Student: 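Structure in structure tokens, see below.
Just so you know, these numbers come straight off a predicted model, no measurement behind them.
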Amino acid sequence: MNYWLIKTEPESYSLEDLKSKGEDVWDGVRNHQARNFIEKMKPGDLVFVYHSGKQKALVGTAKVVSAPYPDPKAADGEKWLAVDIRYNGHLPNPVTLSQIKTSDQLQDLLLVRQSRLSVMSLSKQEADILVTMADA
DNA sequence: GCCAACGTTGGC
DNA sequence: GCCAACGTTGGC
């Protein structure tokens with residue numbers, strides 16, 4: 001299983017929106033590095049959902065439920081990708097960006113190192129640490 | 001509201 | 001193919 005982190009602005013699409021839909025298309029990613037991560041997603045992978053903007057925290061998780069497929073909203077001739085994800089749950093406690101930044105073990109997170117990237121991979125160790133922090 | 005970090009566009 | 005100008009994202 002792989003672990004991922006996706007960012008969203010809750011004003012435009014929040015974890016609550018995903019929860020109410022149950023399952024939805026994750027599309028609209030227009031960055032090559034992010035696209036390369038989506039390409040590697042597999043059904044069953046765990047996805048952490050991060051709210052940017054005011055909240056700046058990981059708020060919940062989702063599961064990948066499809067293989068990557070061409071983004072239906074991509075312009076003609078453009079090869080962007082989308083996947084279907086299903087709401088998995090809210091974290092017991094959101095893990096804030098400042099918590100992540102002050103954690104010795106999470107300094108290599110792309111969230112910290114490359115603040116504009118909207119889809120990134122996590123190591124199992126990083127995922128475990130985040131789950132532990134969310135339970136604390 | 002500002003600014004850093006990127007990505008994209010267009011002139012040359 | 002280089003690079004300046006501009007737009008966008010997102011933290012502060």
Student: Within the structure, does a side-chain N or O atom of Lys7(A) lie under 4.0 Å from either OP1 or OP2 of dT9(C)?
Tutor: no
Student: If I take atom CD in residue Gln114(A) and atom C1' in nucleotide dA4(B), what distance separates them, rounded to the nearest angstrom?
Tutor: 14 Å
Student: Less than 4.5 Å apart, side chain to side chain, heavy atoms only: is that true for Leu106(A) and Glu126(A)?
Tutor: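 In short, these two side chains touch, coming nearer than 4.5 Å.
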Student: With a 4.0 Å cut-off on heavy atoms, is Leu97(A) in touch with a base, just the backbone sugar-phosphate, or nothing at all?
Tutor: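 Leu97(A): backbone/sugar contact only, no base atoms under 4.0 Å.
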Student: Between dT8(B), dC12(C), dG7(C), which one does the side chain of His32(A) approach most closely?
Tutor: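 Side chain of His32(A) sits closest to dT8(B).
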Student: Between atom CG in Leu111(A) and atom P in dC12(C), what is the gap in whole Å?
Tutor: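 In whole Å, dC12(C) P lies 10 Å from Leu111(A) CG.
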Student: Please answer: with hydrophobic residues joined when any side-chain heavy atoms are less than 4.5 Å apart, are Phe48(A) and Val112(A) in the same cluster?
Tutor: yes
Student: Looking at Tyr50(A), does any N or O in its side chain come under 4.0 Å of the phosphate oxygens OP1/OP2 on dT9(C)?
Tutor: no
Student: When the ring centroid of Tyr13(A) is compared with that of Trp26(A), is the distance short of 6.0 Å?
Tutor: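 Close enough - the centres of the two rings lie under 6.0 Å apart.
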Student: Assess the side chains of Tyr3(A) and Asp128(A): does a donor N or O sit below 3.5 Å from an acceptor N or O?
Tutor: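 Absent: no donor and acceptor within the cut-off.
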Student: Without decimals, in angstroms, what is the distance between Glu78(A) CD and dG7(B) C1'?
Tutor: 14 Å
Student: May I have the distance from Arg30(A) (atom CZ) to dT8(B) (atom C1'), rounded to whole angstrom?
Tutor: 15 Å
Student: Rounded to whole Å, how long is the line connecting atom CG of Leu110(A) with atom C1' of dA5(B)?
Tutor: 14 Å
Student: Side chain of Glu9(A) only, please: which of dG10(C), dC12(C), dC6(B) is the nearest?
Tutor: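 Closest of the options to the side chain of Glu9(A): dG10(C).
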Student: Given atom CZ of Arg116(A) and atom P of dG7(B), what is their separation to the nearest angstrom?
Tutor: 7 Å
Student: Separation of Asn31(A) atom CG from dT8(C) atom P, in whole Å?
Tutor: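 Between P of dT8(C) and CG of Asn31(A): 15 Å.
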Student: Quick one: does any side-chain atom of Lys7(A) pair with a main-chain N or O of Ser115(A) as donor and acceptor, under 3.5 Å?
Tutor: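 Checking the backbone N and O of Ser115(A) against the side chain of Lys7(A), a donor-acceptor pair under 3.5 Å is found.
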Student: For the side chain of Lys101(A), starting at C-beta, report the closest nucleotide among dA5(B), dG10(C), dC12(C).
Tutor: dC12(C)
Student: Send over the distance from Lys54(A) NZ to dC12(C) C1', rounded to a whole Å.
Tutor: 15 Å
